[in-house]
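In what follows, chains are A, B, ... by sequence order, proteins preceding strands, each numbered from 1. Note that the coordinates shown come from a computational prediction; the quantities given were computed from them, not determined experimentally.
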Amino acid sequence: MVKRSRLAVTGAHYGLKDWLAQRVTAVLMVIYLVILASMIFFAAPQDFSSWKTLFSQQWLRIATFVFFICLFWHAWVGMRNILMDYVHAIQLRLLAQITVIVALMGYLVWIADILWG
Amino acid sequence: MLLNFLFGLSCLETKLHNQRPKHLNLLKIKQPLPAIVSIFHRISGVLLFFPGIPLLLVGLQMALQSQQSFEALQTLLRDPLVKIALLVSLWFFLHHLCAGIRFVLLDLQIGIVLPQARLGSRLVFISGVLLTFLAAVAIW
């Protein structure tokens, strides 16, 4: 049995927070994908205008945006875990982590532009 | 005198023992199936991050930007090579999804004893491949 750490109360509990974020974002993404898949199934968009109409609904745009926020958060936790496991040189790891963060922030702007631009 | 000698010898041996090169040939170690599912979860995760996310964004942009870009995307998706690339990406995604569901179940203490863990990882692999196969049938 693992002894409960005092840090559980006063610490930053990074590990637990990331572990939880990884799972919560995953579940939210699955819910979104099920909704989107059923919408596409029922609306059956074939041409450009029907796709455009589908994504002109404000709630779907917001849901898609939330999906991508979840995706980027999920990707950040996963990539950070992998970098911490395999890249031990501290400068290299920092550089890689910064690259991931910058890429994800760029993607966030990009998806906002796609949805509302 | 002899004792001293022997002591020295054993010290030398300890030293040599510590300096012995560690050789782990990962290709010669047979990993158990849950380990393979786990490492493939990581590999697929990295590939979904890159090039997965930027490709997804490019696709979404092409689908929603204009009539021309939509038609360009349609033409692109008719290319057999693109279809294969799409299916491989889909397989990575589906494996990542199924393995992820398994990990959440493991967190909930479901399927943690060894036979169940093995069965679960086998199921993850099979469902990933099977769903990809169904998608392949659907798009061809």
Participant: Would a single hydrophobic cluster contain both B:L48 and A:L28, if residues Ile, Leu, Val, Met, Phe, Trp and Tyr are joined by side-chain heavy-atom contacts under 4.5 Å?
Facilitator: no
Participant: Let's go through B:L77 and B:I139 carefully: what are the C-alpha distance in whole Å and the side-chain angles of both, what is the deciding distance for side chain to side chain contact (heavy atoms under 4.5 Å, CB included) to 0.1 Å, and is it a yes or a no?
Facilitator: CA-CA 10 Å; B:L77 291 178; B:I139 67 169; over 6 Å; no
Participant: Under the side chain to side chain contact (heavy atoms under 4.5 Å, CB included) rule, what do A:L60 and A:F55 come out as? Steps first, then yes or no, please.
Facilitator: CA-CA 6 Å; A:L60 188 62; A:F55 274 91; 4.1 Å; yes
Participant: Does the side chain of B:V104 reach to within under 4.5 Å of the side chain of A:V27, using non-hydrogen atoms?
Facilitator: no
Participant: Rounded at 0.5 Å granularity, tell me how far CG in B:L47 sits from CH2 in B:W91.
Facilitator: 11.0 Å
Participant: Scan chain B against chain A and return every donor-acceptor pair whose distance is under 3.5 Å.
Facilitator:
from	atom 1	to	atom 2	distance (Å)
B:R42	NH1	A:D85	OD2	2.8
B:R42	NH1	A:Y86	OH	3.1
B:R42	NH2	A:D85	OD2	2.8
B:Q61	OE1	A:W110	NE1	3.1
B:L64	O	A:K52	NZ	2.7
B:D107	OD2	A:R23	NE	2.3
B:D107	OD2	A:R23	NH2	3.1

Participant: Between B:L81 and B:V88, is there shared hydrophobic-cluster membership here, with clusters defined by ILVMFWY side-chain heavy atoms closer than 4.5 Å?
Facilitator: no
Participant: Checking an interface table here. Which of residues 51-59 of chain B come within a heavy-atom distance under 4.5 Å of chain A?
Facilitator: B:I53, B:P54, B:L56, B:L57, B:V58
Participant: Can you say whether B:L97 sits under 4.5 Å from chain A via the side chain, the backbone, both, or neither, judging by heavy atoms?
Facilitator: side chain
Participant: Report the C-alpha separation of A:V100 and B:F49 in whole Å, then their side-chain angles, then the decisive distance to 0.1 Å, and conclude whether the side chain to side chain contact (heavy atoms under 4.5 Å, CB included) test is met.
Facilitator: CA-CA 9 Å; A:V100 171; B:F49 169 71; 3.8 Å; yes
Participant: Would you sort out whether A:F68 and A:L108 count as a side chain to side chain contact (heavy atoms under 4.5 Å, CB included), showing the intermediate values?
Facilitator: CA-CA 7 Å; A:F68 275 97; A:L108 195 66; 5.5 Å; no
Participant: Is A:L104 close to chain B through its backbone or its side chain, or both, or neither, when contacts mean heavy atoms under 4.5 Å?
Facilitator: side chain
Participant: Are B:F103 and B:F92 in one and the same hydrophobic cluster, where Ile, Leu, Val, Met, Phe, Trp and Tyr link if side-chain heavy atoms are under 4.5 Å apart?
Facilitator: no
Participant: Honestly curious: do A:V34 and B:I101 fall in one hydrophobic cluster under the side-chain, below-4.5 Å linking rule?
Facilitator: yes
